[in-house]
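So the structure is just underneath, and the comments pick up after that.
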Amino acid sequence: MKRFVLAAIAAVALGGAAYADTIKVGVIGPFSGPFALQGKNFKAGIDAYMAINGKKVGNDEVEVIYRDVPQADPAQSKALAQELVVKEKVQYLAGFYFTPDAMAVTPILKQANVPMVIFNAATSAIVTKSPLVVRTSFTTWQTSTPIAKVAYDAGVKKVISVVSDYGPGVDAENAFKAGFEKQGGEVVQAIRMPLSTNDFSPIMQRIKDSGAQGVFAFLPSGPTTLGFVKAYNENGLKSAGIKLFAPGDLTQESDLPALGDAALGMQTTFHYAISHDSPENKAFVAAADKAIGNPAELTFPAVGAFDGMHVIYKMIEATGGKQDAQKAVDAVKGLSWVSPRGPVTIDAESRHITQNIYLREVAKGSDGKYYNKEIQTFEKQGDPGLAAAK
Ligand code: PHB
């Protein structure tokens, strides 16, 4: 206390220079359990950002506090967000891998006077639930719309769609169907599987029986996607010539070694590939590799977190470290910068990120390592799902 008073007096004596505060950022994500690698990537992205940009904004020191929600669990997410706000006095809430965990927290933002920066959760509607939400990841509408054109252009006219039965899955199903029908294609059947599904053999049988030439699929990245793509290969769908079309959640880089040669040539559309060729991405990957320890574990949630920290730093700067959630959010509306993924803008109206979406193909490098090779760019994509979400 005495120290505090002395420091405050010193600050005043120095001509009213701002007193250095600690600004706390509460990050909620899966840090244990089956999706722990995704949470580890949040932390790697944050650590990489702070290693490159420092831990201070102006006079203020940024401190990140982590809370673990291992699987989609809205009640636990909300309880932890409240604890972070009330006990830890965080000025920012961030992270959120799963949509339900983000949705559950939007009602407390206004009263808590805290912005939410979403590093992953990808259902379009989340940003409409509170004016204090900003998102630096992607939506499944954004990533699944271009793959519909890719599928049609590949000569596939009849597709069966298979998604996890919750927000981002339903959005992906609708996005693909809208895009594919616009081209002239037909979605012959739409299967929604419980999020907890881990035996995909019966689904593979239904895909075979449907007579479709291709399958569109979305599941949240993690053991789920690895299991699904393995089942697709092992149940003979690939060898039967049934093509798989998906957003990049299904070929996250950390899963590629386990998928092996069977995934070679698989095409997906997504906002980020670790192989993205730019100086910004080289700097990011070098810092994130160091932060995560094992480069083979690096995957896309790290870039959502890295850019999310950029947004939070800009918010802290704009508010001079004072707690004013609306002012903080207003300050990043229309903000543009060059992300490791390419040029991005926080759309002023939706507060969601506008970005390039890339068509990528799983390839094997001269070093024998599998990677997502970018082969086409769909520039400056906003979120086509927002009209549907309203
Ligand atoms: C989500 O729950 O919104 C979510 C999770 C993982 C993904 C995509 C979306 O890969």
Side-chain angles (χ1 to χ4, degrees), residues 18 20-28 42-65 84-85 89-96 102 105-106 109-110 112-121 126-127 130-138 271-272 278-281 283-284 287-288 291 301-356 380 382-383:
D21 271 325
T22 297
I23 312 276
K24 292 183 179 177
V25 179
V27 173
I28 291 177
F42 277 176
K43 186 165 188 308
I46 293 166
D47 289 347
Y49 191 84
M50 295 176 100
I52 294 172
N53 298 284
K55 293 189 168 158
K56 287 184 103 175
V57 183
N59 273 329
D60 300 319
E61 180 99 16
V62 180
E63 184 191 345
V64 182
I65 301 174
L84 283 166
V85 166
K89 309 236 177 316
V90 300
Q91 284 192 34
Y92 296 89
L93 283 168
F96 303 101
V105 173
T106 55
L109 300 175
K110 200 172 164 114
N113 190 22
V114 167
M116 170 193 263
V117 180
I118 297 179
F119 292 173
N120 189 70
I126 306 172
V127 292
S130 162
L132 298 178
V133 178
V134 177
R135 175 161 45 198
T136 56
S137 50
F138 58 96
H271 62 302
Y272 179 66
S278 73
E280 291 80 13
N281 190 46
F284 164 72
V303 87
F306 184 83
D307 287 329
M309 287 309 284
H310 179 66
V311 163
I312 291 170
Y313 271 42
K314 288 288 173 195
M315 289 173 163
I316 296 172
E317 202 178 288
T319 51
K322 294 204 181 64
Q323 187 158 3
D324 185 338
Q326 193 59 58
K327 190 175 178 185
V329 170
D330 287 345
V332 299
K333 288 178 181 171
L335 180 72
S336 295
W337 71 100
V338 183
S339 154
R341 70 188 90 171
V344 298
T345 300
I346 299 297
D347 177 65
E349 204 195 321
S350 66
R351 292 161 276 107
H352 174 71
I353 196 162
T354 299
Q355 58 192 333
N356 294 342
K380 289 192 188 155
D383 181 17

Closest heavy-atom pair and its distance - A291, A44: CB-O, 3.7 Å
Measure the spacing between NZ of K56 and CD1 of I23 and express it to the nearest 0.5 Å. 11.5 Å
Would you say I118 and V134 make side-chain contact, with heavy atoms under 4.5 Å? no
Which heavy atom of V329 sits nearest to which heavy atom of P131, and what is that distance? CG1-O, 3.6 Å
Can you confirm whether V303 sits close enough to S339 that some side-chain heavy atom of one is under 4.5 Å from a side-chain heavy atom of the other? yes
Can you find a pair of side-chain heavy atoms, one from W337 and one from V311, that are under 4.5 Å apart? yes
Quick one: does any side-chain atom of D60 pair with a main-chain N or O of T22 as donor and acceptor, under 3.5 Å? no
Can you list the residues that meet the ring pair (Phe, Tyr, Trp, His ring centres under 6.0 Å) rule with F42, with sequence neighbours excluded? F119
Are side-chain heavy atoms of N53 and M309 found at a separation under 4.5 Å? no
Tell me every residue that passes ring pair (Phe, Tyr, Trp, His ring centres under 6.0 Å) with H271, counting only those two or more places apart in sequence or in another chain. F138
Any chance you could measure I346, atom CD1, to R351, atom CZ, to the nearest 0.5 Å? 10.5 Å
Side chain to side chain contact (heavy atoms under 4.5 Å, CB included) between V90 and V85, intermediate numbers included: CA-CA 5 Å; V90 300; V85 166; 4.2 Å; yes
Does T345 reach the main-chain N or O of G334 with its side chain, forming a donor-acceptor pair under 3.5 Å? no
Please report the interatomic distance CD1(I353) to CG(D383), rounded to the nearest 0.5 Å. 12.0 Å
side-chain hydrogen bond (donor to acceptor under 3.5 Å, both in side chains): pairs with one or both residues in residues 310-323, sequence neighbours excluded: Y49-H310
Over all heavy atoms of both residues, which pair between A94 and I312 is shortest? Give the atoms and the distance, please. CB-CD1, 3.9 Å
Kindly compute the distance separating CZ (R135) from CE (M116), expressed to the nearest 0.5 Å. 10.5 Å
Measuring only between side-chain heavy atoms, which start at C-beta, is F96 closer than 4.5 Å to N120? no
Partner set under salt bridge (Lys or Arg N to Asp or Glu O under 4.0 Å) for D324, not counting sequence neighbours: none
Set of salt bridge (Lys or Arg N to Asp or Glu O under 4.0 Å) partners for R341, sequence neighbours left out: D307
Between Q355 (side chain) and T136 (backbone), is there a donor-acceptor pair under 3.5 Å? no
Working to the nearest 0.5 Å, report the span between CG of L84 and NZ of K89. 11.5 Å
For A318, give me all partners under side-chain contact (heavy atoms from CB on, under 4.5 Å), at least two apart in sequence or on another chain. A331
Contacts of K333 meeting salt bridge (Lys or Arg N to Asp or Glu O under 4.0 Å) (sequence neighbours excluded), chain-then-number -> D330
side-chain contact (heavy atoms from CB on, under 4.5 Å) partners for D347, two or more places apart: E349, S350, T354
Excluding sequence neighbours, so at least two apart, what forms side-chain contact (heavy atoms from CB on, under 4.5 Å) with A48? A287, A288, F306
Look up atom CD1 in I28 and atom CD1 in I65, then write down how far apart they are to the nearest 0.5 Å. 11.0 Å
